[in-house]
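It should be emphasised that the depicted structure is a prediction, and the values quoted were computed from it without experimental measurement.
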Amino acid sequence: MRYVSYLQAGEARPGLLTETTITPIRTMSLLEFIALPPSARTAHITSERIALESVSLAAPVIPRRNIFCVGRNYLEHAKERARALGREVKLPDLPAFFTKAPGAIAAPGAQLHLQARLSSEYDFEAELAVVIGTRCKDVAEDKAMDTIFGYTCLNDVTARDLQRAHLQWFKGKSLDDCAPLGPWIVTPEEFGDPQARAIAFRLNGIEKQSSTTAQMLFPIRRLIAELSKGMTLLPGDIIATGTPEGVGFARTPPEFLRDGDTMEVEIDGIGILRNTVRIS
Ligand code: MG
């Protein structure tokens with residue numbers, strides 16, 4: 001199944017997406033729906049129908065707290081990063097978790113407003129995002145996949161110069177509009193094996209990243225197990241699982257976002273998260 005949030009009178013409303021039709025859900029938000037026990041969810045799905053093309057989509061879910069992210073979770077990206085920084089490749093023994101403020105989340109299709117005075121090095125990162133469906137803690141790896149509500153695309157837009165200048169990555173990763181998310185959430189039974197999905201990024205139609213989630217150094221089950229050690233995960237929490245090789249700063253020469261660019265994150269089994277860039 002696929003879940004969306006769509007705009008109605010300026011408010012994000014939850015819905016179930018079937019091909020080109022949205023079935024509205026009665027809860028206030030998709031976050032509230034996700035937090036319901038699975039057995040209680042069906043009762044909130046209406047019998048109304050709305051054409052997908054008649055509405056604008058919102059980001060499918062806004063979590064209650066920061067987006068959990070993973071740095072260097074694809075081998076080739078770890079290598080290109082080390083090369084660009086003039087360092088030796090050192091693979092982490094544990095996932096390098098950091099976070100991104102939820103205020104950075106932007107809708108699928110939205111124009112992103114970035115400020116030239118803050119950064120001249122806005123970069124892209126195509127990522128598979130996991131949406132947690134169950135309150136959980138100390139989850140064993142073999143139970144970790146049971147905690148997942150679904151999957152969506154995230155573009156971990158990053159101001160590289162701010163990331164460096166502030167030492168801690170949070171600021172350079174959390175500017176407004178720097179976390180486009182969507183276009184919808186695909187549930188696990190429809191998505192299939194999340195470690196066997198093609199992931200790609202295109203800038204103005206030209207492919208810059210092309211990999212597969214099979215290349216993750218820490219698979220999703222391990223990420224959930226490590227993150228939930230001693231730390232409760234909540235329904236609606238998002239884990240961005242890292243980006244493959246091909247990001248702008250590690251290219252020769254480096255390629256940063258420019259005013260008017262169109263970015264597309266495409267993940268097999270989900271679809272395309274498309275955003276345009278306005279830098280002023
Ligand atoms: Mg990232």
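- Between the side chain of K173 and the backbone N or O of K100, no donor-acceptor pair lies under 3.5 Å.
- Atoms CG and NE2, from L36 and H44 in turn, are 4.5 Å apart once rounded to the nearest 0.5 Å.
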- Task: Could you go through the side chain to side chain contact (heavy atoms under 4.5 Å, CB included) check for I67 and I105 one step at a time?
- Result: CA-CA 9 Å; I67 302 165; I105 291 175; 3.7 Å; yes
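- Both L203 and L114 are members of a single hydrophobic cluster when ILVMFWY side chains are connected at heavy-atom separations under 4.5 Å.
- Between P95 and L227 there is no side-chain heavy-atom pair separated by less than 4.5 Å.
- Going from atom CG of L257 over to atom OG1 of T262 covers 11.0 Å, rounded to the nearest 0.5 Å.
- Put simply, CD on E245 and NZ on K79 are 9.5 Å apart, with the number rounded to the nearest 0.5 Å.
- At most 12 non-hydrogen atoms from other residues, nucleotides or ligands lie less than 6.0 angstrom from CD of E11.
- Heavy atoms only, all atoms of each residue included: A35 and P235 are closest at CA-CB, 3.7 Å.
- Considering only residues two or more places apart in sequence or on other chains, Q115 meets the side-chain hydrogen bond (donor to acceptor under 3.5 Å, both in side chains) condition with R117.
- Side-chain contact annotation: Q209 with T243, donor-acceptor N/O pair under 3.5 Å present.
- In the hydrophobic cluster analysis, where Ile, Leu, Val, Met, Phe, Trp and Tyr join through side-chain heavy atoms closer than 4.5 angstrom, F33 is grouped apart from V4.
- Contact annotation: the side chain of N73 approaches that of L223 to within less than 4.5 Å [non-hydrogen atoms, C-beta and beyond].
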- Message: Assess the residue pair L75 and L91 against the criterion (side chain to side chain contact (heavy atoms under 4.5 Å, CB included)); give the C-alpha distance rounded to whole Å, side-chain angles, the decisive distance to 0.1 Å, and a yes or no.
- Response: CA-CA 8 Å; L75 176 61; L91 295 182; 3.7 Å; yes
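- Shortest non-hydrogen contact noted between S54 and A51 is OG-O, 2.6 Å.
- Under a hydrophobic-cluster definition in which Ile, Leu, Val, Met, Phe, Trp and Tyr are linked whenever side-chain heavy atoms come within less than 4.5 Å, directly or via other members, F149 and L234 are assigned to different clusters.
- Counting non-hydrogen atoms of neighbouring residues, nucleotides and ligands closer than 6.0 angstrom, the CZ atom of R221 reaches no more than 12 such neighbours.
- Counting all heavy atoms, side chain and backbone alike, I22 lies closest to V55 at CD1-CG2, 3.7 Å.
- Rounded to the nearest 0.5 angstrom, T241 OG1 and F218 CZ are separated by 13.0 Å.
- Taking hydrophobic clusters as Ile, Leu, Val, Met, Phe, Trp and Tyr residues chained together by side-chain heavy-atom distances below 4.5 Å, I148 shares a cluster with V186.
- Using bins of under 30°, 30° to 60° and over 60° for the plane-to-plane angle, the ring pair H77/F249 lands in the perpendicular bin.
- How far CZ of F97 is from CD1 of I239: 6.5 Å, rounded to the nearest 0.5 Å.
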Side-chain atoms of residues 129-139: list all donor-acceptor pairs with protein atoms under 3.5 Å, sequence neighbours left out, distances to 0.1 Å.
from	atom 1	to	atom 2	distance (Å)
D138	OD1	G230	N	2.7

- Message: Run the side chain to side chain contact (heavy atoms under 4.5 Å, CB included) test on R72 and R81 for me, step by step, so that the C-alpha distance in whole Å, both residues' side-chain angles and the decisive distance to 0.1 Å come before the verdict.
- Response: CA-CA 8 Å; R72 287 175 290 168; R81 179 179 175 275; 3.6 Å; yes
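- Remark: the R197 side chain and the T212 side chain contain no N/O donor-acceptor pair separated by less than 3.5 Å.
- Although no hydrogens or angles enter the test, the distance criterion places no donor-acceptor pair under 3.5 Å between the side chain of E207 and the main chain of R202.
- Residue R258 qualifies as open at atom CZ: its count of foreign heavy atoms under 6.0 Å is 12 or below.
- The two residues V157 and M263 have their closest heavy-atom pair at CG2-CE, 4.0 Å.
- Contact detail for L181 and P60: the closest heavy-atom pair is O-CD, 3.4 Å.
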Show me, pair by pair, the donor-acceptor contacts under 3.5 angstrom made by side chains of residues 270-280, not counting sequence neighbours?
from	atom 1	to	atom 2	distance (Å)
R274	NE	E264	OE2	2.8
R274	NH2	E264	OE2	2.8
N275	ND2	A107	O	2.9
N275	ND2	A110	O	3.0
R278	NE	D259	OD1	3.3

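- Judged by distance alone, the side chain of S5 and the main-chain N or O of A12 form no donor-acceptor pair under 3.5 Å.
- Around the CD atom of E53, the shell of radius 6.0 Å holds no more than 12 heavy atoms that belong to other residues, nucleotides or ligands.
- In this structure, T46 contributes its side chain and P24 its backbone to a donor-acceptor pair below 3.5 Å.
- No continuous path of hydrophobic side-chain contacts links I185 to I199 [ILVMFWY only; heavy atoms under 4.5 Å].
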- With side-chain hydrogen bond (donor to acceptor under 3.5 Å, both in side chains) as the test, would you mind laying out the steps for R49 and T23 before giving the verdict? CA-CA 5 Å; R49 297 285 185 272; T23 304; 3.3 Å; yes
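- In this structure a side-chain-to-backbone donor-acceptor pair under 3.5 Å is missing from K171 to A159.
- Residues T158 and D123 bring no donor and acceptor atom of their side chains to less than 3.5 Å of each other.
- Residue Y151 holds its OH atom at 12.5 Å from CD of E190, rounded to the nearest 0.5 Å.
- Side-chain atoms of N155 come within 3.5 Å of backbone atoms of E125 as a donor-acceptor pair (strictly under, hydrogens ignored).
- Closest non-hydrogen pair, N66 versus P102, comes out as OD1-CD, 3.3 Å.
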- Message: Using side chain to side chain contact (heavy atoms under 4.5 Å, CB included), reason through I220 and M145 one step at a time and then give a plain yes or no.
- Response: CA-CA 8 Å; I220 292 162; M145 304 312 276; 4.1 Å; yes
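- For R251 (side chain) and G246 (main-chain N/O), a donor-acceptor pair under 3.5 Å exists by modelled atom type.
- Counting only distance, with no hydrogens or angles, the side chain of R222 and the backbone of E141 share no donor-acceptor pair below 3.5 Å.
- Aromatic ring orientation, F124 versus F201: parallel (interplanar angle below 30°, classes split at 30° and 60°).
- Atom CE of M231 sits in a crowded spot, with more than 12 heavy atoms from other residues, nucleotides or ligands closer than 6.0 Å.
- A donor-acceptor pair is defined here as one N or O able to donate and one able to accept, closer than 3.5 Å; such a pair exists between the side chain of T152 and the backbone of W184.
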